[in-house]
**Q** 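Take a look at this one; I'll ask things after.
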Amino acid sequence: MNQDYLEELFSKIDITLPAPEREPERQYYFMKKLRSGIKELSERIGHTPAYHVETFGCQMNAKDSEKLSGIMSAIGFIEATGEKSADFVIYNTCTVRENANLKVYGRVGFLGNLKKKNPNMLIALCGCMMQEEHVVEKIRTSYGFVDLVFGTHNLYMFAELLYECLNRKDRKPLVRVLAASDKIVENLPSEQKFSFKAGVNISYGCNNFCTYCIVPYVRGREKSRRPDEIVAEVKRLVNNGVKEVMLLGQNVNSYGNDFRKSSDIPEECKKDFPELLKMVSEVPGLMRIRFMTPHPKDLSDKLIEEIANNPKVCKHVHLPMQSGSSRILQKMNRHYTKEDYLDLVKKIKDKIPGAALTTDIIVGFPGETEEDFEDTLDVVRQAVFSSAYTFQYSKRTGTPAASYPDQVPENVVSERFDRLLALIHETSEKLADKAVGSTVDVLVEEINESKDTLTGRMDNNMLVHFKGENRLLGCIVKVKLEECKGFYYTGSVLNLD
Ligand code: SAH
Ligand code: SF4
Ligand code: F3S
């Protein structure tokens with residue numbers, strides 16, 4: 001968020017008055033209150049207080065972290081280089097798989113040791129894990145040194161919660177987790193990780209209830225953001241130098257479904273996802289649009305047309321298949337069969353020439369037989385993905401699949417997992433090799449100081465390393481692909497001006 005804009009906003013707030021009820025005004029009021037205490041805090045600790053926010057989850061989790069960082073900066077903290085030099089550490093957690101969860105506990109234990117050396121350190125935990133009652137219970141009993149715990153539904157209240165936490169009477173964790181919320185509060189400060197690309201939430205939550213997945217329980221029911229507000233955010237981002245946006249939702253295809261029943265939304269705002277893509281692409285100065293994640297069950301022809309015909313939309317579809325077995329897909333509650341999925345892949349490849357496809361696959365869902373797994377391998381062979389995220393099935397408490405009796409033994413899962421990985425490597429490397437010699441547009445995302453090279457991301461999401469000047473960071477340049485190194489290329493830049 002623009003600093004001058006923020007200063008002007010703060011100058012209009014009178015913190016001697018009671019807190020306003022409206023959001024986000026209420027949160028700016030608490031930010032200003034926190035801000036007024038920073039000078040005294042700096043004097044007490046002998047330096048400007050520093051924060052560290054760590055993201056453990058998906059792009060949506062990362063976007064939430066940017067909001068937390070935005071608020072920390074707005075109240076006068078600076079960013080620390082890591083936990084060790086931070087006065088305030090915030091862990092934005094994920095619980096989609098058991099190992100995401102275990103990682104957080106390990107790291108919180110480590111924070112406990114840091115806090116023994118620096119008792120003034122503040123620790124906050126938030127994000128999806130905190131929506132689970134057994135997690136909060138464990139924090140209260142085993143990690144009592146944590147200062148603040150909040151969930152996904154009240155992240156927007158971070159400033160207010162922090163204020164309450166700093167003014168609490170005891171040193172016990174302040175726990176503020178809401179079971180649900182139908183509110184969307186936007187227009188709070190946000191600090192982007194990259195100046196040239198940004199995620200933009202288009203919907204929150206999920207209504208699909210895939211039987212293995214915890215997300216609907218920890219993120220709540222699907223709520224779409226109004227299209228005019230999304231476009232306004234994209235315009236603001238582009239004015240501040242953003243070239244590429246990633247539209248974020250658990251199932252972007254169902255964007256706007258909730259508008260249909262609502263009388264609060266003006267008729268002209270009742271858009272579906274392909275229409276939203278079009279509206280966003282009309283923002284002048286925006287160069288690239290990505291989106292995540294479409295669900296195969298309702299990926300419409302209208303969307304395929306829009307991707308094919310809209311030059312700003314990247315020709316990349318991330319289409320999570322989860323399993324290639326129709327029997328398992330049904331048990332997963334995915335609402336499509338192996339054949340439906342393959343038909344969709346064919347349609348995408350026919351209508352969007354050169355489109356890159358990527359996917360998510362779960363190995364070892366309860367009841368998965370060798371034959372079911374062979375179906376997954378078969379789809380991988382036929383669909384030819386540019387890359388795939390592969391996961392071993394992880395039992396999530398509270399989901400239907402967690403209580404299915406026929407859990408697959410760990411050794412079988414890991415053996416299948418290795419076979420799947422090998423096949424994906426083989427098929428995607430072959431595909432990647434074919435692009436060598438072509439010239440592609442890349443967004444320069446990184447400067448690799450040590451090797452004097454730049455890293456750019458192609459339209460299809462793959463990376464390419466090439467020699468180039470630092471000033472190209474954040475620009476879209478043409479690169480000739482010279483060699484394929486498996487999951488990335490090396491190349492040379494064509495237009496230097
Ligand atoms: N909304 C997105 C994905 C969200 S979670 C979608 O529907 O595609 C990201 C990925 O994590 C999922 O696609 C799935 O492959 C994986 N995943 C979710 N729950 C899991 C579980 N219990 N065990 C293993 N992988 C899981
Ligand atoms: Fe989870 Fe399925 Fe929703 Fe994706 S669509 S978040 S996998 S329940
Ligand atoms: Fe994302 Fe993990 Fe939550 S994948 S929605 S941060 S459970």
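As the structure lists them, so they are numbered: ligands from 1, and atoms in each ligand from 1. Just so you know, these numbers use all the heavy atoms, side chains as well, and skip hydrogens, waters and symmetry mates. If you're wondering where the values come from, they're calculated on a predicted model, not measured in any experiment.
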**Q** In terms of side-chain geometry, is the basic nitrogen of Glu244 or Arg457 positioned less than 4.0 Å from the acidic oxygen of its partner?
**A**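 No, Glu244 and Arg457 are not salt-bridged.
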**Q** With atoms numbered from 1 as shown, which atoms in ligand 1 lie under 4.0 angstrom from a non-hydrogen atom of Tyr393?
**A**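 Answer, ordered by atom number: 23 (N), 24 (C).
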**Q** Between Phe385 and Tyr341, what is the ring plane arrangement, given parallel below 30°, perpendicular above 60°, and tilted in between?
**A**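 Tilted.
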**Q** Please determine whether a side-chain nitrogen of the Lys or Arg among Glu164 and Arg176 lies less than 4.0 Å from a carboxylate oxygen of the Asp or Glu.
**A**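 The answer is yes: the pair qualifies as a salt bridge.
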**Q** How are the rings of Phe30 and Tyr163 set relative to one another: parallel (under 30°), tilted (30 to 60°) or perpendicular (over 60°)?
**A**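 Phe30 and Tyr163: tilted rings.
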**Q** Among all protein heavy atoms, pick the one closest to atom 14 (C) of ligand 1 and tell me residue, atom and distance.
**A**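 Nearest protein contact, heavy atoms only, for atom 14 (C) of ligand 1 is Gln322 OE1, 3.4 Å.
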**Q** Roughly how far, to the nearest 0.5 Å, is OG of Ser325 from CZ of Phe373?
**A**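 Those atoms lie 12.0 Å apart.
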**Q** Looking at Asn61, which atoms of ligand 3 are within less than 4.0 Å of one of its heavy atoms?
**A**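 That gives atoms 6 (S) of ligand 3.
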**Q** For the side chain of Asp372 and the backbone of Thr369, is there at least one donor-acceptor N/O pair under 3.5 Å apart?
**A**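 At least one qualifying donor-acceptor pair exists.
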**Q** Short list, please: which atoms of ligand 1 are under 4.0 Å from a heavy atom of Val96?
**A**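 Checking each atom against Val96, I get 5 (S), 18 (C), 19 (N), 20 (C), 21 (C), 22 (N).
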**Q** Below 30° counts as parallel, above 60° as perpendicular, anything between as tilted: where do the rings of Phe194 and Phe196 land?
**A**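 Aromatic pair Phe194/Phe196 classed tilted.
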**Q** Looking at the rings of Tyr393 and Tyr212, which for Trp means the six-membered one, are their centres under 6.0 Å apart?
**A**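 Ring centroids of Tyr393 and Tyr212 are no less than 6.0 Å from each other.
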**Q** Specify side chain, backbone, both or neither for Gln250, according to which of its non-hydrogen atoms lie closer than 4.0 Å to ligand 1.
**A**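 Within the 4.0 Å criterion, Gln250 contacts ligand 1 through backbone and side-chain atoms alike.
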**Q** Quick one: pull up CG in Leu299 and CG in Asn253 and give me the separation to the nearest 0.5 Å.
**A**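 Rounded to the nearest 0.5 Å, the CG-CG separation comes to 5.0 Å.
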**Q** Specify the closest pair of heavy atoms between Val175 and Arg140, including all atoms of both residues, with the distance to one decimal.
**A**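 Closest heavy-atom pair between Val175 and Arg140: CG2-NH1, 3.6 Å.
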**Q** Among all the protein's non-hydrogen atoms, which is closest to atom 19 (N) of ligand 1, and how far away is it?
**A**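 Protein heavy atom at minimum distance: Tyr212 CD1, 3.3 Å.
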**Q** Closer than 4.0 angstrom, basic N to acidic O: yes or no for Lys331 and Asp406?
**A**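 Result for this pair is yes, salt bridge flagged.
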**Q** If you measure from each non-hydrogen atom of Phe391 to ligand 1, which part falls under 4.0 Å: side chain, backbone, both or neither?
**A**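 The answer is the side chain.
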**Q** Among Tyr28, Tyr51, Phe150, find the one that has a ring pair (Phe, Tyr, Trp, His ring centres under 6.0 Å) with Phe158.
**A**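 Option passing the ring pair (Phe, Tyr, Trp, His ring centres under 6.0 Å) with Phe158: Phe150.
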**Q** Closest non-hydrogen protein atom to atom 24 (C) of ligand 1, residue and atom name please, with distance?
**A**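 Checked against all protein heavy atoms, atom 24 (C) of ligand 1 sits closest to Gln392 O, 3.4 Å.
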**Q** So, do Phe391 and Phe417 have ring centers that fall under 6.0 Å from each other?
**A**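 Judged by ring-centre distance (under 6.0 Å), Phe391 and Phe417 do not meet the cut-off.
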**Q** Hey, which protein N/O/S atoms does atom 3 (Fe) of ligand 2 have under 2.8 Å?
**A**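 Atoms qualifying: Cys206 SG.
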**Q** So, 4.0 Å and heavy atoms of His295: is ligand 1 close enough to count as a contact?
**A**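 The answer is no: ligand 1 sits nowhere under 4.0 Å from a heavy atom of His295.
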**Q** Consider ligand 3: state whether an atom of it lies below 4.0 angstrom from any non-hydrogen atom of Arg219.
**A**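 Arg219 counts as a contact of ligand 3 under the 4.0 Å cut-off.
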**Q** Report yes if some heavy atom in the side chain of Ile361 is under 4.5 Å from a heavy atom in the side chain of Val380; otherwise report no.
**A**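 When only atoms from C-beta onward are counted, Val380 and Ile361 do touch, with a gap below 4.5 Å.
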**Q** Check each atom of ligand 1 against the heavy atoms of Pro320 and keep those under 4.0 Å away; list them by number with element.
**A**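 Selected atoms, number and element: 8 (O).
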**Q** Considering only heavy atoms, does Arg334 approach ligand 2 within less than 4.0 Å through its side chain, its backbone, both, or neither?
**A**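 Looking at Arg334 and ligand 2, just side chain atoms fall under 4.0 Å.
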**Q** Tell me the contacting part of Gln59 for ligand 1: side chain, backbone, both, or neither, using a 4.0 Å heavy-atom threshold, strictly below.
**A**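 It is neither; nothing of Gln59 touches ligand 1.
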**Q** Any idea which of Glu98, Met321, Arg97 brings a heavy atom closest to atom 26 (C) of ligand 1?
**A**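 Looking at heavy atoms only, the winner is Arg97.
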**Q** Working note: Asn101 + Thr95, criterion side-chain hydrogen bond (donor to acceptor under 3.5 Å, both in side chains); need CA distance, chi angles, decisive distance, verdict.
**A** CA-CA 5 Å; Asn101 210 287; Thr95 189; 2.7 Å; yes
**Q** Any idea which of Cys58, Cys94, Gly57 brings a heavy atom closest to atom 1 (Fe) of ligand 3?
**A**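 Residue with the shortest heavy-atom distance to the ligand atom: Cys58.
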**Q** Could you tell me which atoms of ligand 1, counted from 1 in the order shown, lie closer than 4.0 angstrom to a heavy atom of Arg396?
**A**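 Ligand 1 atoms under the 4.0 Å threshold to Arg396: 22 (N).
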**Q** Of all the non-hydrogen atoms in the protein, which one sits nearest to atom 7 (S) of ligand 2, and at what distance?
**A**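 Checked against all protein heavy atoms, atom 7 (S) of ligand 2 sits closest to Tyr212 OH, 3.4 Å.
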**Q** So which protein heavy atom does atom 9 (C) of ligand 1 come closest to, and at what separation?
**A**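 It is Asp360 OD2, 3.8 Å.
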**Q** Quick check on Lys297 - does any of its heavy atoms sit under 4.0 Å from an atom of ligand 1?
**A**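 Distance cut 4.0 Å: Lys297 fails for ligand 1.
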**Q** Identify, for atom 7 (O) of ligand 1, the protein heavy atom at the shortest distance, and state residue, atom and that distance.
**A**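 That would be Arg334 NH1, 3.7 Å.
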**Q** Please could you name the atoms of ligand 3 that Gln250 approaches to less than 4.0 Å, counting only its heavy atoms?
**A**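 Going through ligand 3 atom by atom, the ones under 4.0 Å from Gln250 are 5 (S).
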**Q** Would a 4.5 Å heavy-atom cut-off, applied to side chains only, mark Glu368 and Val412 as touching?
**A**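 No, every pair of side-chain atoms sits at 4.5 Å or beyond.
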**Q** Among protein heavy atoms, which lies nearest atom 3 (Fe) of ligand 3, and at what distance?
**A**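 The answer is Cys128 SG, 2.2 Å.
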**Q** Does some non-hydrogen atom of Val215 fall short of 4.0 Å from ligand 1?
**A**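 Contact absent.
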**Q** Please report the C-alpha distance between His295 and Ser254 in whole Å, then the side-chain angles of each, then the deciding distance to 0.1 Å, and finally whether the side-chain hydrogen bond (donor to acceptor under 3.5 Å, both in side chains) criterion is met.
**A** CA-CA 9 Å; His295 192 304; Ser254 49; over 6 Å; no
**Q** Which residue in the set Thr152, Asn154, Thr93 passes side-chain contact (heavy atoms from CB on, under 4.5 Å) when paired with Met130?
**A**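 Looking at Thr152, Asn154, Thr93, the match for Met130 under the side-chain contact (heavy atoms from CB on, under 4.5 Å) is Thr93.
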**Q** Consider ligand 1: state whether an atom of it lies below 4.0 angstrom from any non-hydrogen atom of Lys395.
**A**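 No, that is not the case, since the closest heavy atom of the residue is not under 4.0 Å from the ligand.
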**Q** Side chain, backbone, both or neither: which part of Ser394 has a heavy atom under 4.0 Å from ligand 1?
**A**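 It is both backbone and side chain that touch ligand 1.
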